[in-house]
**Student:** 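Have a look at this one before I ask anything.
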There are 2 protein chains.
Amino acid sequence: MARTTLQDVASEAGVSLATVDRVMNGRSGVHARTVERVQAAVKALDFHPDRHASRLARGRDYDFRIILPTGENDFMKMLEGELRETGARLRHERIKLSVQQVDVFDGPLLAAAIEELPATIDGLAVVALDHPAVVEAINNLVAAGVTVLTLVSDLPSSRRSHFVGIDNVAAGRTAANLIGRFVHGSGKVGLIAGSLALRDHIERQYGFEQVIAREYPNLQVLPLREGRDDNSRVESAARALLADHPDLVAIYSAGGGQSGVVAALEASGRAREVVFIAHELTPLARRHLVRGTIDAIINQDAGHMARSVARVLQSTREGAPIVPGQERIRIDVFLRDNLP
Amino acid sequence: MARTTLQDVASEAGVSLATVDRVMNGRSGVHARTVERVQAAVKALDFHPDRHASRLARGRDYDFRIILPTGENDFMKMLEGELRETGARLRHERIKLSVQQVDVFDGPLLAAAIEELPATIDGLAVVALDHPAVVEAINNLVAAGVTVLTLVSDLPSSRRSHFVGIDNVAAGRTAANLIGRFVHGSGKVGLIAGSLALRDHIERQYGFEQVIAREYPNLQVLPLREGRDDNSRVESAARALLADHPDLVAIYSAGGGQSGVVAALEASGRAREVVFIAHELTPLARRHLVRGTIDAIINQDAGHMARSVARVLQSTREGAPIVPGQERIRIDVFLRDNLP
DNA sequence: CTGTTAGCGCATTCAT
DNA sequence: ATGAATGCGCTAACAG
């Protein structure tokens, strides 16, 4: 039983190769009756096109773009590195990934950057700010036939076809869960977020407060402080928390700037007693997790996300189904002992 | 700059396509001087073969085999399901995965099953028992040119080219870490393992006891009970633990048969107080994690492992490098809130 | 609206 | 020891 080919389908349907190709790839200019015949043949023979052959014959490389935020955020830098690495590997598989930095916190600017993309590109993955102009720009691109993915921070109201990232409400709940179980006794809990312009940090805060309030009445969450993902600003916030609240038992840092919290904790001499949960497994987080200053890290795997972006873009382009389990980004929990 | 092809290399080296192919694929019958010239050209042009073209031209499908244990182990069943699913997807990409069940706890039997495999297969992934006959069988297969991977339970002393699985010592340490942090106060900890014939459970036990002894002097690990991954046997063990030790504060089940522990805990009425950590996110584990009987699950992602087996086998066969980050199986920690 | 044809880059006979 | 020629299954002009 040799594999069934386009040719087999053509014979079965009594048409030529080219016609089957037109039907398979949704090109116009085929009689409705013929389309049906071909589709019937495809089903009858359980035909699946050979990816290798089609990619080879296609000639043109896929042109995928990625838009990340400018700035000093450690996680974004890791993600950029992973995307470039994935891109380097995929160059040999007829896929071109280009990464571009834009100030995603500026809605109109981000929207303009998206509008400027040529409609000839095959796909875009973007860290999306929740702003009407951005939604509009994304929808236009989709209308022009480009596959658009949101990355890290979602924009469900847009027509993006897929989101590569984690459920941030669940991530916030997980942080609360860990703090609730790690803390013995009662006290206050500090909450530091980055910016509230992207949905991700808002969602984490929401999930966090929800679980603490509902399940850990012994803990009291203090008013949120904005750290803007900036080390020194975050450090001030953490210092203030520690100084103002002798009964502070835990800190949850939902954004970047972890090293600020670490510095404040170490300066205070309370690093051991205060439970500290942060996001993203950066080299710094790793060190302090081993040392004990950080008690647990909640992570989204940058390498996995980069590869997922490429795979989803490619599959969508090929009209192939994606494998849900493979593209689901986990909410990783890292303790000292299960570091990768 | 069009991509460089085999043809370009041939011109550069002043030889024909066929000769370059011989060199690239390590076939014999080429003058040493010619080999050098070709290799120089490859380096000079930074040539990377086009996977799509080579797979298309190759014609023959890859024939990969997988050997799993017979028996009722839930995790193995999940793994089998994932392997079959991966196999179904890959049939359309010129890869054939066949899964086979063998009583891997019987060394000679397992070895015989491996010896019986035709040397024409391209690769094997096997859950390896630590037995000399198995090592021998694996080494023979490798010598015959077959790519061999160990799966779930490793056999580092063999010549297998790769292990798909987690670091089980670290997994045991992680369990200890969680119990140490979740338990308030002091008391006894029960430890139930499956069989000690495979390395994985031994390693988990080792890591677990190490961390409890070193970092949590308030806890005392009771002598290990063997549950043989069997629900009813595990249930007896758990019942005995609960009955004999009123000061039991936690149970770590390093093997299968979780539902036995759940049953014993629920019957005892101490499900809430006793911290229970188990392995593998089965549907049952999921339910009881949400309900609170299980406090945390340590997991190795069966879907990830199945895909990794296929990718590593394929890459090895193609002489392509594997992506370490993509093939590293994580030690997942699942709490109620970060369930996938 | 439909068919014919020429490659895509490589593996693999079959010659030399 | 090396080269020439054929075809893998599909896409994309180009004809009709």
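Naming convention: chains lettered A, B, ... in sequence-line order (proteins, then strands); numbering from 1 in each chain.
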**Student:** Return all side-chain donor-acceptor pairs below 3.5 angstrom for residues 109-133 of chain A, not counting sequence neighbours, or 'none' if the list is empty.
**Tutor:**
from, atom 1, to, atom 2, distance (Å)
A/Asp122, OD2, A/Asp63, N, 2.7
A/Asp130, OD2, A/Arg199, NH1, 3.4
A/His131, ND1, A/Ala133, N, 3.0

**Student:** With sequence neighbours excluded, tell me which residues meet salt bridge (charged side-chain N to carboxylate O under 4.0 Å, His left out) with A/Lys77.
**Tutor:**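 A/Lys77: salt bridge (charged side-chain N to carboxylate O under 4.0 Å, His left out) contacts with A/Glu72.
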**Student:** For the pair made of CG in B/Asp21 and P in C/dT13, what is the distance, rounded to whole Å?
**Tutor:**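 For the pair B/Asp21 CG and C/dT13 P, the rounded distance is 11 Å.
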**Student:** Measure up the A/His52 and B/His52 rings against each other and bin them: parallel (under 30°), tilted (30 to 60°), perpendicular (over 60°).
**Tutor:** tilted
**Student:** Taking salt bridge (charged side-chain N to carboxylate O under 4.0 Å, His left out) as the definition, give me every residue that meets it alongside B/Asp167, ordered by chain and number, with sequence neighbours left out.
**Tutor:** none
**Student:** The criterion is side chain to side chain contact (heavy atoms under 4.5 Å, CB included); which residues satisfy it with A/Gln39, sequence neighbours excluded?
**Tutor:**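 In terms of side chain to side chain contact (heavy atoms under 4.5 Å, CB included), with neighbours along the sequence ignored, A/Gln39 is linked to A/Val23, A/Val35.
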**Student:** How would you label the contact of B/Arg27 with the nucleic acid (heavy atoms, under 4.0 Å): base, sugar-phosphate, or nothing?
**Tutor:**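 Counting heavy atoms under 4.0 Å across all strands, the contact made by B/Arg27 is with sugar-phosphate only.
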**Student:** Step by step, would you call A/Asp154 with A/Thr150 a side-chain hydrogen bond (donor to acceptor under 3.5 Å, both in side chains)?
**Tutor:** CA-CA 5 Å; A/Asp154 194 13; A/Thr150 47; 2.7 Å; yes
**Student:** Specify the separation, in whole Å, of atom CZ of B/Arg22 and atom P of C/dA11.
**Tutor:**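 My rounded result for the distance is 12 Å.
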**Student:** Is there a donor-acceptor pair closer than 3.5 Å between any side-chain N or O of A/Thr316 and the backbone N or O of A/Val312?
**Tutor:**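 At least one qualifying donor-acceptor pair exists.
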**Student:** Name every residue in residues 30-45 of chain A that has at least one heavy atom under 4.0 Å from any atom of DNA chain C, in order of residue number, or write none if there are no such residues.
**Tutor:** A/Val30, A/His31, A/Thr34
**Student:** A/Ile329: which residues meet the side chain to side chain contact (heavy atoms under 4.5 Å, CB included) condition with it, sequence neighbours left out?
**Tutor:** A/Val164, A/Ile166, A/Gln300, A/His304, A/Met305, A/Ser308
**Student:** Taking the basic N atoms (NZ, or NE/NH1/NH2) and the acidic carboxylate oxygens, is any pair closer than 4.0 Å for B/Asp21 and B/Arg27?
**Tutor:** yes
**Student:** Would you grab the first and last nucleotide of DNA chain D (5' to 3') that comes under 4.0 Å of any non-hydrogen atom in chain B?
**Tutor:** D/dA1 to D/dG9
**Student:** Would you say B/Arg60 places a side-chain N or O within less than 4.0 Å of OP1 or OP2 belonging to C/dT12?
**Tutor:**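 B/Arg60 to C/dT12 OP1/OP2: no side-chain N or O under 4.0 Å.
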**Student:** Quick one: salt bridge (charged side-chain N to carboxylate O under 4.0 Å, His left out) pairs with a partner in residues 304-316 of chain B, sequence neighbours left out?
**Tutor:**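 Only B/Arg311-B/Glu327 qualify under salt bridge (charged side-chain N to carboxylate O under 4.0 Å, His left out).
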**Student:** Could you run down the sub-3.5 Å N/O contacts of the protein with nucleotides 6-9 of chain C?
**Tutor:**
from, atom 1, to, atom 2, distance (Å)
C/dC8, O2, A/Leu56, O, 3.4
C/dC8, O2, A/Ala57, N, 3.2
C/dG9, N2, B/Ala53, O, 3.3

**Student:** Checking B/Arg22 now: which residues fulfil salt bridge (charged side-chain N to carboxylate O under 4.0 Å, His left out) with it, not counting sequence neighbours?
**Tutor:**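 With sequence neighbours excluded, B/Arg22 shows a salt bridge (charged side-chain N to carboxylate O under 4.0 Å, His left out) to no residue whatsoever.
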**Student:** Tell me every residue that passes ring-ring contact (aromatic ring centres under 6.0 Å, His included) with B/Phe47, counting only those two or more places apart in sequence or in another chain.
**Tutor:** none
**Student:** Check whether B/Arg159 reaches the backbone of B/Glu136 with its side chain - one donor and one acceptor, N or O, closer than 3.5 Å.
**Tutor:**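 Checked: no pair found.
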**Student:** Through what angle, rounded to 10 degrees, does the axis of the helix from C/dC1-D/dG16 to C/dT16-D/dA1 turn between its ends, using five pairs per end?
**Tutor:**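 The value is 40°.
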